[in-house]
**Q** 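Sharing a structure with you now.
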Amino acid sequence: MEFSAHLGENLLELQAELKEKTWRPGEYRQRIVERPKRRIINVAPFRDRVAHQALCAVVTPLFEETFIHDSYACRTDKGSHAAVDRLTTFLRREGSTYVLKGDLSKYFDSIPHGLIMRELEWRIADGAVLELFKRILVGYETDFPGPPGFGPRGVPIGNLTSQWFANIVGNCLDQHVKHTLKCRRYIRYMDDFLLISNSKAELNEWLSEICKLLDGVGLVLNPKTRIVTAKAGVPFLGYRVWADHRRGLRPNVVAGRRKMRVHARMVGRGRMNGYRAVESLRSWFAHLAHADTYGLRKSLWREVKITLGDYV
């Protein structure tokens, strides 16, 4: 609101700083998110976020054309539900017996700044634009204990540029898997990725090659990485997915039910707006609706209908 109150002046001032190359990022404001797991979110000043949007709007198309089809995070017409649908399509094909479920450890904290700049310099020739990205990167650093010799690391969770940097770096893995390993059934959503094959030995061989690639760029594979059988269901982005159906992951359902009950109690005591509680519940139900959860959603609604029914 403060920025918009003097929108023209603020935009012209920001434009002048960018043109004259005097723009510097401001200090981040931290807040903590506890669910689905504890994370520290670094919030950039609003004027910085305007600059981030402008940068990404201009430069993203240069990289978008290099991304593979099956990269689904933070891209137009993609998203988590599209990724899960794609997994279902792969599992229905003959030979989808085993799945390598991979995860990059502390992905945003671990990305080396040098790796980001290497990828940017590969596509961007404008030195002024590269300097802007350097200034964004040097304003944040973590103490992630990754392989030595890769310099400063980390991008703040909360920046649009961080999501974009993470996709650019993840594309190194995508290209290796698709063009060097020749894996035809592969999906990545940010730091979560899946490789599908009818041979466990082939997946173990691919895993070894992926580890070599990650060592070479300073990234670390999460110990949770493992090979699962398709018939047991593949846990991915909040669901357990089979070829013919999917379910919500139990920990997510338990956490969602707990949150729903808390909201219902707060509404009953007059400490929360009922319409806000219903909107939160609708959002969660919409996520559940992408799985076979009709009975679950009916059961959940019966629990809170007396309290929230008047707000629907």
Side-chain angles (χ1 to χ4, degrees), residues 32-41 70-74 79-81 83-84 86-88 90-91 96-112 115 142-147 150 153-155 157 162-163 165-167 169-174 176-178 181 183 185-197 199-242 246-256 287 291:
I32 297 175
V33 175
E34 299 290 349
R35 294 176 182 174
K37 61 182 179 181
R38 194 174 193 272
R39 285 192 176 97
I40 298 176
I41 307 298
D70 288 318
S71 169
Y72 286 90
C74 307
S80 60
H81 296 132
V84 173
R86 184 65 162 167
L87 173 58
T88 298
F90 283 154
L91 293 179
S96 297
T97 309
Y98 299 100
V99 180
L100 169 59
K101 186 180 186 304
D103 181 17
L104 297 173
S105 182
K106 299 284 185 181
Y107 188 39
F108 280 72
D109 286 345
S110 68
I111 302 176
L115 177 58
T142 67
D143 56 357
F144 180 81
F150 288 92
R153 296 172 177 270
V155 292
I157 298 175
S162 297
Q163 299 171 8
F165 291 152
N167 256 353
V169 170
N171 190 48
C172 300
L173 173 63
D174 300 343
H176 184 74
V177 170
K178 297 297 289 185
L181 303 184
C183 176
R185 302 174 193 179
Y186 168 78
I187 301 169
R188 183 177 63 83
Y189 187 93
M190 200 55 74
D191 57 336
D192 291 320
F193 60 92
L194 305 174
L195 290 81
I196 303 171
S197 173
S199 168
K200 185 180 285 189
E202 183 175 51
L203 288 178
N204 276 312
E205 184 179 332
W206 286 346
L207 176 58
S208 177
E209 292 299 316
I210 288 171
C211 287
K212 291 178 184 177
L213 170 73
L214 297 179
D215 286 343
V217 296
L219 298 175
V220 179
L221 202 61
N222 196 309
K224 295 188 298 184
T225 297
R226 65 192 190 278
I227 296 174
V228 300
T229 59
K231 67 180 181 181
V234 181
F236 188 51
L237 302 179
Y239 304 99
R240 185 171 293 276
V241 185
W242 288 265
R246 66 183 70 146
R247 302 287 186 190
L249 286 176
R250 180 174 176 78
N252 295 22
V253 173
V254 170
H287 173 74

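FYI, the numbering just counts along the sequence from 1.
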**Q** Do the side chains of S71 and N171 get nearer than 4.5 Å, heavy atoms only?
**A** no
**Q** Show the atom names and distances, to 0.1 Å, of all donor-acceptor pairs under 3.5 Å that link a side chain in residues 205-214 to residues at least two apart or in another chain.
**A**
none

**Q** Once rounded to the nearest 0.5 Å, what's the spacing between atom NZ of K101 and atom CG of D192?
**A** 5.0 Å
**Q** Mind checking side chain to side chain donor-acceptor pair (under 3.5 Å) for D70 and listing every partner two or more places apart, or none if nothing turns up?
**A** Y72, R86
**Q** Taking atom NZ of K178 as the centre, report whether more than 12 heavy atoms of other residues, nucleotides or ligands fall under 6.0 Å from it.
**A** yes
**Q** Atom CZ in F193, atom CG in D103: separation rounded to 0.5 Å?
**A** 7.5 Å
**Q** Please give me the minimum heavy-atom distance between G218 and P147, naming the atom from each residue.
**A** O-CD, 3.7 Å
**Q** Does A73 have any side-chain contact (heavy atoms from CB on, under 4.5 Å) partners at least two apart in sequence or in another chain, and if so, which?
**A** N167, Y189, M190
**Q** Enter the distance from F150:CZ to D215:CG here, rounded to the nearest 0.5 Å.
**A** 8.0 Å
**Q** Can you check whether V177's main-chain N or O pairs, donor with acceptor, with Y186's side chain at less than 3.5 Å?
**A** no
**Q** At their closest point, which heavy atom of G238 faces which heavy atom of N252, and how far apart are they?
**A** CA-ND2, 3.4 Å
**Q** With a 4.5 Å heavy-atom cut-off, do V169 and L219 have their side chains touching?
**A** yes
**Q** Which atoms form the tightest heavy-atom contact between V220 and G146, and what is the distance?
**A** CG2-CA, 4.3 Å
**Q** Find the distance between CG (L104) and CG (L221) and round it off to the nearest 0.5 Å.
**A** 6.5 Å
**Q** Can you list the residues that meet the side-chain contact (heavy atoms from CB on, under 4.5 Å) rule with N204, with sequence neighbours excluded?
**A** K200, I227
**Q** Nearest 0.5 Å, what's the CG-CZ distance between L173 and R188?
**A** 7.0 Å
**Q** Partners of H287 by ring pair (Phe, Tyr, Trp, His ring centres under 6.0 Å), sequence neighbours excluded?
**A** H81, Y239
**Q** Is it true that a side-chain atom of S96 and a backbone atom of F90 form a donor plus acceptor pair closer than 3.5 Å?
**A** yes
**Q** Can a donor-acceptor pair be found, under 3.5 Å and without considering hydrogens, that links the side chain of R153 to the backbone of D109?
**A** no
**Q** Please round to the nearest 0.5 Å and tell me the distance separating atom CG of L237 and atom CD1 of I187.
**A** 9.0 Å
**Q** Which residues pass the side-chain contact (heavy atoms from CB on, under 4.5 Å) test with K231, not counting sequence neighbours?
**A** T229
**Q** When you look at V84 and F236, which way does the side-chain contact (heavy atoms from CB on, under 4.5 Å) test go after all the steps?
**A** CA-CA 7 Å; V84 173; F236 188 51; 4.2 Å; yes
**Q** Identify the two heavy atoms, one from I196 and one from V99, that lie closest to each other, and give their separation to 0.1 Å.
**A** CG1-CG2, 4.0 Å
**Q** Please find the pair of heavy atoms, one from Q163 and one from C74, that lie closest to each other, and give the distance.
**A** OE1-SG, 3.4 Å
**Q** For I111 and A166, work out which heavy atoms get closest and say how close.
**A** CD1-CA, 3.9 Å
